[in-house]
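Just so you know, these numbers come straight off a predicted model, no measurement behind them. Reminder, nothing fancy here: chain letters follow the sequence lines and each chain counts from 1.
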Amino acid sequence: MKLQHQSHLANRIFLMVTTFVAITAAASLAISLLQLNRTLKAGQQQEGLVLAGSIARGSELGILTADPQFLESSFMTAAAHPEIVFIAAYDAHGATIREQSRSDVALGLSPETAREIPRMTSARMGAPLHLGKNTVDDFYAPVTTHPGGDAWSESLLGRGSPGDAQHDQVVGLIRIGLSHKRIVAARNEAIASSSGIFAAVLAAAILLSSVFSRRLTKPIAKLEQATRQISEGDLDVELEISSSDEVGALSNAFNAMAGALKQTTVSKDYVDNIVASMSEALVVISADRTIATINDAASRLLGYGRSELAGRSTDLLFADANPMDSNRWEELSRGHVISNIETRFRAKDGRGISVDLSVAPMLNRSGKMQNAVAVARDVSETQRILDELRLRTADLEKHRIVLTSMLEDNDRARALAEAERRKTQTAVDTMSEGLVMFGPAGELLLINPAARRILQMPEGMPVDTDIIIQALGFDFKPFLAAEESDRSAHLLHDLVVGDAVKHTIRIEGMPVIGAEERLGAMLVMRDVTRERQLDDAKHELITNVSHELRTPLAAIANIVSNALVGVTGPVSDKLRSHLEIARINAKRLGNIIDNLIDIASLDAGHVAIHRAPTDFLALAEEVARGIEPEMSQKRIKFDRQITAEPTQIYCDPIAIGQVMRNLLSNAVRYTPQEGIVRFTVERLEGSVEVTIVDSGVGIPLEDQASIFERFHQVGRSYGPGEKGLGLGLPISRHLVEMHGGSIGLASATGRGSRFHFRLPLLEGEALIDAYLSDRIAEMAKGGMRPFLWLFAPRPFAEVINEEETGELETVMLEQLESAVRETVAELRSLVVHIAPREEVVAIVSDRGNEAMQRLAERIEAAFRRFSFTFKEHRAMREILLAHTVCVDPTTLPKEYLEALRRSVN
Amino acid sequence: MHQKMILVVDDEPDFVHSVSARLEFDGFAVVTAGDGITGLETVMREHPDLILLDIMMPGMDGLEFFRRLRKEPAGATIPVIFISVRTEFFNDPTINSDPRTRILRKPFELDNLIQMIRESLAAAQLG
């Protein structure tokens with residue numbers, strides 16, 4: 001299309017120029033040929049006249065004599081001339097004297113010519129003769145006589161006069177025919193050469209006009225193409241301006257226009273994109289109500305291709321009557337918009353589609369409608385939902401009817417539920433276990449009478465969670481908030497209550513889980529005094545039996561050992577092997593007894609720790625030394641990495657020593673010959689960690705979780721066959737946890753195990769509080785007299801009233817301290833281990849004062865921050881609340897000391 | 001080197017016998033006592049270098065023996081190794097607050113006992 005347009009214009013210019021040049025050239029050629037022809041003819045005429053005259057003059061004698069022989073030379077002259085077709089000589093009467101012709105022609109003179117002969121004064125040309133193809137000019141020349149003068153030269157010069165003519169007498173006539181051949185040849189030659197020129201000119205014209213037309217139309221073609229691009233929406237066109245002529249100016253103007261257009265017009269692509277991406281189906285309708293185009297959404301909706309509908313009637317779109325009837329169309333063309341008609345499209349496959357249709361006219365500037373745009377939204381889904389909704393509503397109505405009838409049975413159901421509730425209530429009220437329930441936020445939901453009895457909270461006394469926490473002396477809030485998977489989600493504590501008769505109450509906590517979420521938690525309190533008594537009895541029995549067994553076992557072991565080392569004389573190899581078996585079994589028996597005692601202690605809750613400031617490094621070294629013989633026996637490489645820090649740890653050296661020994665002997669037991677065991681003690685942030693790594697058989701993953709549980713012995717089937725009751729690790733955990741520490745392991749089967757435990761590093765107030773809680777617990781358990789040794793981190797002077805201090809203070813403090821030191825040495829107190837002198841504080845006596853009361857309160861508050869077992873905390877509270885009465889600082893220390901001594905003994 | 005004398009105070013004759021035999025075999029002089037009172041008398045008489053002391057004994061128990069021992073000038077600095085089947089006694093501050101005491105639970109490896117005795121004697125010689 002474009003090319004055609006372009007070539008049309010170029011062709012037109014080309015043709016015009018070429019034609020013009022051709023016509024011009026042809027015209028000028030024709031004119032010049034005509035001119036040539038005329039010139040040639042004139043020349044020929046002149047030549048003919050001269051030739052005829054000349055021959056006539058040479059023929060005077062022959063004519064006069066009428067003898068053809070005298071004409072011979074004239075005729076020879078003529079014969080030599082190639083253009084002379086014929087020659088004839090006549091006498092004055094027109095009779096032929098001699099004639100000679102190259103062609104067949106009658107040379108007789110017409111009578112008129114013959115009559116004119118006497119009056120001929122000069123040569124003249126007659127009518128041309130046509131001899132076949134050849135045209136011959138006919139020339140006549142009179143032959144005259146005159147005396148003396150040169151007649152032909154005078155006539156040639158035109159000097160002759162009519163008077164003279166009388167003087168010259170015409171005696172005859174010479175006639176020659178001069179052929180046109182030469183003229184034709186010359187003319188042909190001229191035409192031929194002119195044609196070459198003409199062809200060259202024409203070729204040059206064609207070439208030039210072609211170049212010229214192309215040069216002229218090229219920018220126009222560009223302009224045309226750019227215009228087309230713009231019309232197609234591409235506004236980014238810019239023309240290259242290559243000349244400063246009108247075309248250049250036009251290009252300039254075009255660029256300016258394109259720029260302006262770009263600024264003011266939304267690109268067609270943009271519009272196309274919008275139209276294409278519209279989710280609504282869009283149909284553009286031409287002014288004649290046929291479909292112009294549809295967008296993709298419409299194409300999808302209807303199933304037609306985008307161009308398939310072009311030019312078709314809009315009737316095709318609709319399943320029912322075309323809503324765009326002539327009335328509506330008329331409205332549209334007046335600029336009205338048709339909005340939201342509910343109608344149905346018909347898809348290509350004939351299916352009806354409910355749509356919401358809107359049509360808007362597109363008017364041009366003069367307000368005439370050019371197109372209309374129809375936008376259709378598929379509402380079939382909405383329709384379907386509405387239908388379904390109607391169905392559901394109907395269903396619901398049915399259900400409502402059923403429910404209404406069911407509600408009539410409600411009263412009966414309520415009565416049943418009430419009875420059920422009463423039963424539950426009665427059960428809760430009368431059960432011997434105390435029951436306390438908490439909601440998800442930890443709020444108190446229920447407390448039954450048994451729980452009130454146990455907590456000594458009479459019916460009617462207001463109770464909430466905090467009050468229960470206080471009564472139990474244990475903050476179980478973390479348990480209330482714990483996740484189900486959390487270990488602390490289950491709680492087990494024993495509480496000793498009662499003044500005269502002691503009762504042990506076991507408190508179990510468990511989460512209350514609904515279908516999915518945690519509804520809250522409950523505490524069940526059970527009097528386990530009887531069970532505890534049985535446990536105690538069992539423990540007592542096992543302990544006693546075990547101890548009774550140990551004594552003879554010690555003797556047996558020693559005797560065997562002595563025999564082995566040769567105390568009793570030389571030992572044969574056979575005897576040695578037997579003694580060795582005896583030794584191993586004695587040791588095994590010892591282990592079994594140890595474990596029996598441990599398990600009995602665990603059951604009875606008799607495992608107690610006695611924490612004291614302990615040289616931890618010395619303890620570790622001692623344990624390591626103790627295990628060395630076993631290591632070297634199996635040729636195990638024993639790697640000790642015991643760092644210099646920390647030195648002092650507040651712990652039970654026997655218990656922690658036992659834990660270390662336990663882990664180390666496990667490592668030895670499960671590590672093959674020539675394996676490696678590493679024993680590491682290091683200080684961490686706020687704790688000390690003991691690690692025992694071995695290159696032993698390792699512990700399968702599935703066993704790792706339960707390995708700290710009682711009677712679980714991993715390695716029975718893996719290890720080299722050593723047996724035990726599997727109590728070492730559970731006891732170790734118990735002991736470590738009693739220290740507020742943790743124990744754990746990492747292991748891989750076949751690669752070894754890594755056991756570690758951590759103990760908190762107690763310092764400052766934490767250390768003091770730990771001391772206090774331990775000592776108070778001991779005193780409470782031992783049924784000792786309620787005296788307290790209180791240690792505060794602040795100087796004495798800050799604690800007691802200022803007016804009561806003064807100069808007495810220094811002396812008093814010294815005396816107090818020495819008294820305390822002296823006394824506590826007997827009372828198993830810890831004062832000797834603790835703190836700088838000025839921080840040692842006070843003693844409780846049986847008379848109080850305000851300062852000491854405040855001190856007691858402060859210490860109690862400090863206690864509360866720490867987690868103790870129920871028993872200890874409870875005991876401590878009892879002591880503090882019932883018996884914390886303070887020494888009057890002005891009282892003489894001597895008396896006080898005496899009171900202490902008395903209380904001890 | 002002067003032969004060191006060990007006093008073994010225990011009410012179990014078989015145990016005393018087995019220990020004594022080993023100690024003598026290892027080059028120590030051994031004296032024995034079956035109860036606390038006899039033990040104290042033996043200390044006064046023999047001036048042992050180290051005492052191996054059982055805690056659970058009829059009459060005067062090991063702890064009482066120890067308290068009295070320390071009050072006597074003759075016994076104030078003698079190293080003592082407490083031996084018992086019951087570890088809970090080892091928590092007694094009477095034992096813990098004295099630097100010249102050690103503890104050993106029954107039954108034990110005699111090799112360990114010998115080693116502990118040697119260490120205690122060496123420490124006493126230095127201190």
Side-chain angles (χ1 to χ4, degrees), chain A residues 543-544 546-569 583 586-587 589-591 593-594 597-598 601 606-614 622 625-630 652-655 657-658 661 778 824-830 832-833, chain B residues 8 10-28 30 52 54-58 63-64 67 70-71 82-99 101-116 118-120 123:
Chain A
T543 311
N544 285 337
S546 302
H547 291 157
E548 291 307 312
L549 287 172
R550 264 180 186 168
T551 307
L553 182 64
I556 293 167
N558 287 351
I559 296 295
V560 171
S561 172
N562 284 345
L564 271 169
V565 297
V567 173
T568 51
R583 190 186 68 80
K587 191 169 170 62
L589 189 56
N591 286 338
I593 292 166
D594 289 350
I597 293 170
D598 286 339
S601 304
H606 281 184
V607 176
I609 56 169
H610 304 277
R611 291 190 287 183
T614 303
E622 189 187 312
R625 261 203 313 278
I627 200 85
E628 250 171 7
E630 288 179 54
D652 181 341
I654 292 170
Q658 188 184 343
R661 251 189 301 277
E778 264 173 40
V824 294
E826 295 170 13
L827 287 179
R828 303 162 62 193
S829 173
L830 290 159
V832 285
H833 299 297
Chain B
V8 182
D10 197 315
D11 60 333
E12 287 287 332
D14 290 345
F15 179 78
V16 172
H17 171 70
S18 66
V19 171
S20 303
R22 180 61 163 273
L23 291 176
E24 280 164 2
F25 181 77
D26 279 29
F28 295 100
V30 182
L52 207 55
D54 186 20
I55 294 176
M56 280 202 297
M57 288 184 295
L63 294 174
E64 182 58 29
R67 278 187 211 104
R70 285 291 185 246
K71 281 177 184 162
F82 287 90
I83 49 174
S84 176
V85 291
R86 302 190 73 138
T87 52
E88 54 265 42
F89 292 120
F90 297 151
N91 293 316
D92 196 299
T94 313
I95 299 172
N96 291 335
S97 55
D98 190 304
T101 59
R102 292 186 181 230
I103 52 171
L104 193 61
R105 207 199 61 183
K106 273 202 246 180
F108 45 77
E109 290 281 344
L110 281 171
D111 289 340
N112 291 347
L113 176 69
I114 305 290
Q115 192 186 350
M116 194 177 275
R118 292 212 166 107
E119 283 173 6
S120 294

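- Taking CE from Met56(B) and OG1 from Thr551(A), the interatomic distance works out to 6.5 Å, rounded to the nearest 0.5 Å.
- Of all heavy-atom pairs spanning Leu553(A) and Pro107(B), the tightest one is CD2-CG, 4.0 Å.
- Crowding of His17(B) atom NE2: a count of heavy atoms from other residues, nucleotides or ligands under 6.0 Å not exceeding 12.
- A salt bridge is defined here as a Lys NZ or Arg NE, NH1 or NH2 lying under 4.0 Å from an Asp or Glu carboxylate O, and Arg102(B) with Glu622(A) fails to meet this definition.
- Using a 4.5 Å cut-off between heavy atoms, Ile559(A) contacts chain B through both its backbone and its side chain.
- For the pair Glu109(B) and Pro629(A), the minimum side-chain heavy-atom distance is 4.5 Å or more.
- In this structure, the separation between CZ on Arg625(A) and CE on Met116(B) is 8.5 Å, given to the nearest 0.5 Å.
- Side chains of Arg22(B) and Val565(A) form a contact here, defined as non-hydrogen atoms less than 4.5 Å apart.
- Side-chain contact check for Asn562(A) versus Phe25(B): every heavy-atom pair is 4.5 Å or farther apart.
- The candidate from Gly566(A), Gly590(A), Pro653(A) with the greatest count of non-hydrogen atom pairs under 4.5 Å with chain B is Gly566(A).
- Heavy atoms closer than 4.5 Å to chain A are found nowhere in Glu24(B), neither backbone nor side chain.
- To the nearest 0.5 Å, atom CZ of residue Arg550(A) and atom OG of residue Ser84(B) are 8.5 Å apart.
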